[in-house]
Amino acid sequence: MELAQVRELAKDVVDEVERAVVGKRDSLELVLLGFLADGHVLLEDYPGLAKTLAARSFAEVLSIRFARIQFTPDLMPSDVTGSSIWNQLDGDFEFRPGPIFTNLLLGDEINRAPPKTQAALLEAMQERQVTIEGTTHRLKPPFLVIATQNPIEYEGTYPLPEAQLDRFLLRTAFGYPDREAEVDVLSRRIDRESDEVELRPVVDRETLLAMQLAVERVHVAESIREYCVDVVVATRASQSSAVGASPRGSLALLKLARCRAALEGRDYVLPDDVKSVAAPALAHRLVLRPELWVQRVSGEDVVRDVLDTVPTPRAEDIGLRAGP
């Protein structure tokens, strides 16, 4: 698949999903970037802002298998991965796969499940496999997790450990729509005379895999690679960070910047591509100093400060001529 085709298909996918999730194109593009980079996405936002709707809409438009798990305090690991059940007819144990055996898994309110159940996702998210009773079961590609959590209700929740947060390629939020977009939501609901939005499939599983493969051909100059590393290293040296981003953060920057370049119709990465995805890729990987909580300093603030201080590669350093 050519990169020009990736750009057109990605535009069509976002256009179709935006029929359901109105006025949040930038956030929808970020989610699609995560999928094109074969990564997992964390949506952290207030209730009622279309997090679940976005996940279901992407599954419909991408024509991939979809499963949803509502995380609750009594959810067991076997409810996620599946378990072996005694089959009386065969006189042997039979493996019954859980909802994790899908292409796009929605973990709704993931921070409401206890750590043991959250840990059931770790192997699957990183290794794309599940091991049960000594037997390893491979997950058919693509395997993508889109998880949601509510940032304001902490009663009865179990905060995600840093090891699991680090496995999400990016974190983003939709936020409240502006007045015009919210009026548009009401108008569309009146016009279609139904709560459900019928979306058409734009690509299928094989096409999505081909798009992921095509992105691998986007060129990344040596200076851009060094820039990605410099940004990540700066998060570790920041006075605001107790723990900075890991090398997995550098890889996230690289992969997302490549996808951003492809969506812009380019076969090479610019510093602006890196800057546009830096906060979603790195902010959730930072552990800030405790005293900054009172000052309401966020990981996004630290990343923005880092981008202001790390020197940006010059055009000639990335093989581009300055000027016309």
Side-chain angles (χ1 to χ4, degrees), residues 1-43 45 48-66 68 103-104 106 142 144-146 148 169-215 217-218 255-267 270 272-273 276-277 280:
M1 180 181 293
E2 298 296 326
L3 288 173
Q5 191 176 359
V6 173
R7 180 189 185 187
E8 292 303 317
L9 288 173
K11 178 181 179 300
D12 291 343
V13 167
V14 177
D15 285 346
E16 189 65 17
V17 174
E18 200 176 17
R19 292 182 54 231
V21 184
V22 180
K24 294 300 173 184
R25 190 175 187 86
D26 290 344
S27 296
L28 294 177
E29 284 187 353
L30 267 176
V31 173
L32 183 58
L33 291 181
F35 293 164
L36 290 179
D38 196 24
H40 311 297
V41 177
L42 178 62
L43 298 179
D45 217 329
L49 296 183
K51 300 186 295 295
T52 303
L53 176 61
R56 191 172 67 247
S57 299
F58 269 109
E60 292 180 21
V61 175
L62 297 175
S63 299
I64 54 179
R65 288 185 300 151
F66 175 72
R68 176 179 181 269
N103 295 132
L104 179 57
L106 170 60
L144 307 166
V145 174
I146 181 168
T148 72
L169 187 69
L170 66 91
R171 180 183 66 180
T172 188
F174 289 143
Y176 289 108
D178 58 33
R179 183 179 182 277
E180 183 179 351
E182 195 160 357
V183 170
D184 192 18
V185 170
L186 304 187
S187 300
R188 295 187 186 199
R189 171 59 181 85
I190 293 174
D191 292 341
R192 66 174 178 265
E193 300 179 349
S194 172
D195 286 334
E196 296 298 322
V197 182
E198 294 186 8
L199 302 177
R200 65 177 180 88
V202 173
V203 301
D204 54 19
R205 172 181 168 272
E206 288 73 21
T207 305
L208 176 59
L209 293 174
M211 293 170 70
Q212 292 177 342
L213 188 61
V215 170
R217 298 198 300 270
V218 175
K255 293 194 291 185
L256 289 171
R258 273 179 144 183
C259 295
R260 172 60 71 187
L263 261 63
E264 296 294 332
R266 284 183 274 100
D267 61 356
L270 293 176
D272 284 346
D273 297 321
S276 69
V277 299

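Atom CZ in Arg260 sits 9.5 Å away from atom CZ in Arg266 (nearest 0.5 Å). Rounding to the nearest 0.5 Å gives a distance of 8.0 Å between CG of Leu169 and SG of Cys259. Atom CZ in Arg7 sits 12.5 Å away from atom CG in Leu9 (nearest 0.5 Å). To the nearest 0.5 Å, the span separating CG on Asp12 from CZ on Arg200 amounts to 6.0 Å. For the atom pair Ser27 OG and Leu32 CG, the distance stands at 12.5 Å (nearest 0.5 Å). Here the straight-line distance linking atom CG of Leu3 with atom CD of Glu264 works out to 13.0 Å at 0.5 Å rounding.
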Report task. Evaluate the criterion side-chain contact (heavy atoms from CB on, under 4.5 Å) for residue pair Glu60 and Glu198; output intermediate values, then yes/no. Result -> CA-CA 9 Å; Glu60 292 180 21; Glu198 294 186 8; over 6 Å; no
Query raised in the report: After noting the C-alpha distance and the side-chain angles of Leu36 and Leu263, does the key distance pass the side-chain contact (heavy atoms from CB on, under 4.5 Å) rule?
Result: CA-CA 10 Å; Leu36 290 179; Leu263 261 63; 3.5 Å; yes
Requested in this report: Begin with the C-alpha distance, continue with both residues' side-chain angles, and end with the deciding distance and a verdict on side-chain contact (heavy atoms from CB on, under 4.5 Å) for Val13 and Phe58.
Outcome: CA-CA 8 Å; Val13 167; Phe58 269 109; 4.0 Å; yes
Requested in this report: Just do the side-chain contact (heavy atoms from CB on, under 4.5 Å) check on Leu43 and Val31 with the steps written out, would you?
Outcome: CA-CA 9 Å; Leu43 298 179; Val31 173; 4.1 Å; yes
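A donor-acceptor pair under 3.5 Å links the side-chain atoms of Arg258 to the main chain of Val218, judged by distance alone. No side-chain donor-acceptor contact under 3.5 Å links Arg68 to the backbone of Arg56.
Salt bridge present: Arg19 and Glu16 bring a charged side-chain N and a carboxylate O closer than 4.0 Å.
When every heavy atom of Glu18 is checked against every heavy atom of Arg25, the shortest pair comes out as OE1-NH1, 2.9 Å. Pairing each heavy atom of Asp178 with each of Ala181, the nearest pair is OD1-N, 2.7 Å. Scanning all heavy atoms of the two residues, the minimum distance from Asp273 to Ala261 falls at OD2-CB, 3.6 Å. Val6 and Ala214 get closest at one heavy-atom pair: CG2-CB, 3.6 Å. Summarising the geometry of Leu144 relative to Gly39, their closest heavy-atom pair is CD2-O, 3.6 Å, with the distance given to 0.1 Å. Of all heavy-atom pairs spanning Ala210 and Met1, the tightest one is CB-CE, 3.9 Å.
Applying the 6.0 Å contact sphere to CD of Glu180 captures no more than 12 heavy atoms from other residues, nucleotides or ligands.
There is a side-chain donor-acceptor pair under 3.5 Å between Thr207 and Asp204.
Leu104 is not listed as a side-chain neighbour of Leu62, based on a closest heavy-atom distance of 4.5 Å or more. Pro142 places a side-chain heavy atom less than 4.5 Å from the side chain of Leu208.
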